[in-house]
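The structure under discussion appears below in the form of structure tokens.
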Amino acid sequence: MHIVHIASEIAPLAKVGGLGDVVGGLSKAQAESGHKVEVILPAYSFLFNHPIYCDCTFETEKKEKISIFNMMYNHCILSLIHPHSRKNLFSRKKIYGYKDDVERFLYFAKAAFDYLLFRDETIDILHLHDWHTSIISLLVKEKSKDLNVKKSILTLHNPRYQGSCNRRKFALLGVDPKKYLKPSLLQNGKKNNLNLLKGGLIYSDQITTVSPTYAKELQLSSFSFNLHPLMKKYKSKIHGILNGIDTSIWNPKKDPHIFNHYSSKNSAKAIMLAKQKNKLVLQKKLKMKKNSKFLVSSIGRLATQKGPDLIADAIEYTLQKGGQFILLGIAETKIIDQKFKKLQRKYQNNPNVAFLFTFNEKLSRLIYSSSDYIIIPSRYEPCGLTQMIAFRYGTIPIARKTGGLADTVIEKSKNQTGFCFTPYSKNALRKALDRAFQFNGTKRQSLIKKIMNLDYSWDRSMKEYLKIYRRRR
Ligand code: ADP
């Protein structure tokens with residue numbers, strides 16, 4: 001199959017979050033399994049540090065010159081869109097966070113589309129990601145006579161961001177805004193502007209989001225950021241596919257940052273012993289007490305979405321119960337930061353807790369390889385990677401039943417992969433912690449071995465995407 005992704009990120013070259021992980025992991029798995037895969041991205045200035053070459057220069061419909069720079073990456077072709085006259089659009093330090101983001105990505109979407117028109121090739125799958133490129137599916141429908149795209153797919157990574165623009169900006173796409181400024185089409189509520197993500201929802205042939213439960217939750221007003229009427233209308237073309245993780249990178253058998261390696265092929269006792277030894281190294285590094293009681297961790301952004309009040313309570317409760325806690329994360333608001341700093345001061349002389357307010361992947365690997373439990377009490381979670389990495393490192397997740405967490409962390413005895421709770425409350429999390437702390441002996445050993453053997457590789461996810469690619473409309 002000839003698959004073309006058009007996106008704003010690809011991990012790890014140009015990554016801000018999960019969108020980049022999916023584009024990077026999925027395109028790599030697709031190319032490795034023999035498909036012809038291309039990823040079209042803006043030519044961000046920081047990408048020019050890599051070996052790239054100019055492939056061609058063409059003129060857009062508006063007679064603007066665009067050069068395409070190419071590089072091979074993970075067996076995929078990366079095609080980078082470099083406008084001649086508006087170089088400043090992508091010559092910036094960051095990928096997002098500018099006042100003119102909507103204009104920048106509207107320009108990118110149109111330029112990428114013009115590039116496809118210029119090439120005039122058959123594309124089996126055109127795969128678009130979030131609001132930055134979703135509107136291309138509308139352009140494909142408008143110009144279906146000039147372009148041979150067999151199917152367009154839109155993946156929703158975070159529908160909270162939808163891209164809203166006025167008529168004048170929308171007209172830069174070369175289509176008449178009046179035609180689309182209707183409540184049933186792209187109109188943003190009652191406002192006089194247009195919603196780019198809505199364009200993708202209406203005109204893509206299939207839509208995916210990053211977990212089956214989140215695909216259902218999107219039908220509800222409380223989860224869909226005002227898009228539920230459209231989500232309901234197009235329910236039959238929305239599918240949930242869990243993300244994967246790169247199992248060659250997240251691998252306790254080879255991870256260069258951990259001290260004692262282990263794998264799911266080892267006996268349960270050998271795994272427990274290696275994790276115990278890693279815990280001793282980490283306790284020393286973080287100046288914590290040597291303590292063989294349970295070590296609970298939290299790794300992630302300290303944002304409202306991630307349940308910071310429940311995380312803070314779990315720290316207090318774990319300490320009360322004689323366990324240890326490591327927190328690794330950066331607060332996303334001043335209020336959250338102040339709360340955790342206050343807690344840190346409260347326990348500054350307690351050797352059973354470590355507060356690490358930093359982003360540090362190496363440290364996260366040490367924590368995954370040493371912890372007994374990891375807590376993930378999110379309010380909402382489209383997919384979540386933390387639990388999948390934790391499985392791989394034999395760390396049992398304790399998670400709230402929402403989105404991708406509900407699909408992966410199960411407590412029912414036969415299929416158990418961790419501990420979970422439903423109400424968003426301190427009490428519900430405390431009860432889940434109690435159940436976890438009482439879960440010992442051979443039951444715990446066999447659960448650890450079982451979760452290490454779960455398959456959350458990109459290969460598995462890629463096969464699910466292929467089913468959607470091949471689905472009839
Ligand atoms: P989200 O994308 O919403 O932040 P995910 O669970 O999908 O959450 O992914 C979080 C990823 O970021 C995981 O790989 C986790 O290990 C990593 N991570 C988050 N915070 C930190 C941190 N402070 N230091 C190191 N890694 C972190």
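Note that these values count all heavy atoms, side chains included, but never hydrogens, waters or copies made by symmetry. First listed ligand is number 1; within each ligand, the first listed atom is number 1. Note that the coordinates shown come from a computational prediction; the quantities given were computed from them, not determined experimentally.
Side-chain N or O atoms of D372 include one that pairs as donor or acceptor with a backbone N or O of L295 at under 3.5 Å.
Using a 4.0 Å cut-off between charged nitrogen and carboxylate oxygen, E411 and R435 count as a salt-bridge pair.
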Just list the N/O pairs, ligand 1 to protein, that are under 3.5 Å apart, with the distance for each.
residue, atom, partner, partner atom, Å
ligand 1, 3 (O), R301, NH2, 2.8
ligand 1, 3 (O), K306, NZ, 2.8
ligand 1, 4 (O), R301, NE, 2.8
ligand 1, 6 (O), L385, N, 2.9
ligand 1, 6 (O), T386, N, 3.4
ligand 1, 6 (O), T386, OG1, 3.0
ligand 1, 7 (O), L385, N, 3.3
ligand 1, 8 (O), K306, NZ, 3.0
ligand 1, 16 (O), Y368, OH, 2.7
ligand 1, 23 (N), T358, O, 2.8
ligand 1, 24 (N), N360, N, 3.0

* Given the rule in the side chain to side chain donor-acceptor pair (under 3.5 Å) test, do S164 and N193 qualify, once you have shown the distances and angles that lead to the verdict? -> CA-CA 7 Å; S164 174; N193 53 19; 3.3 Å; yes
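Scored by the side chain to side chain contact (heavy atoms under 4.5 Å, CB included) test, D21 finds A11, K15, L385 as partners (sequence neighbours excluded). By the salt bridge (Lys or Arg N to Asp or Glu O under 4.0 Å) test, R160 pairs with no residue at all, sequence neighbours left out.
Residue pairs meeting the side-chain hydrogen bond (donor to acceptor under 3.5 Å, both in side chains) criterion with at least one partner in residues 237-246, sequence neighbours excluded, are K28-D246, Q206-H239, D246-S248.
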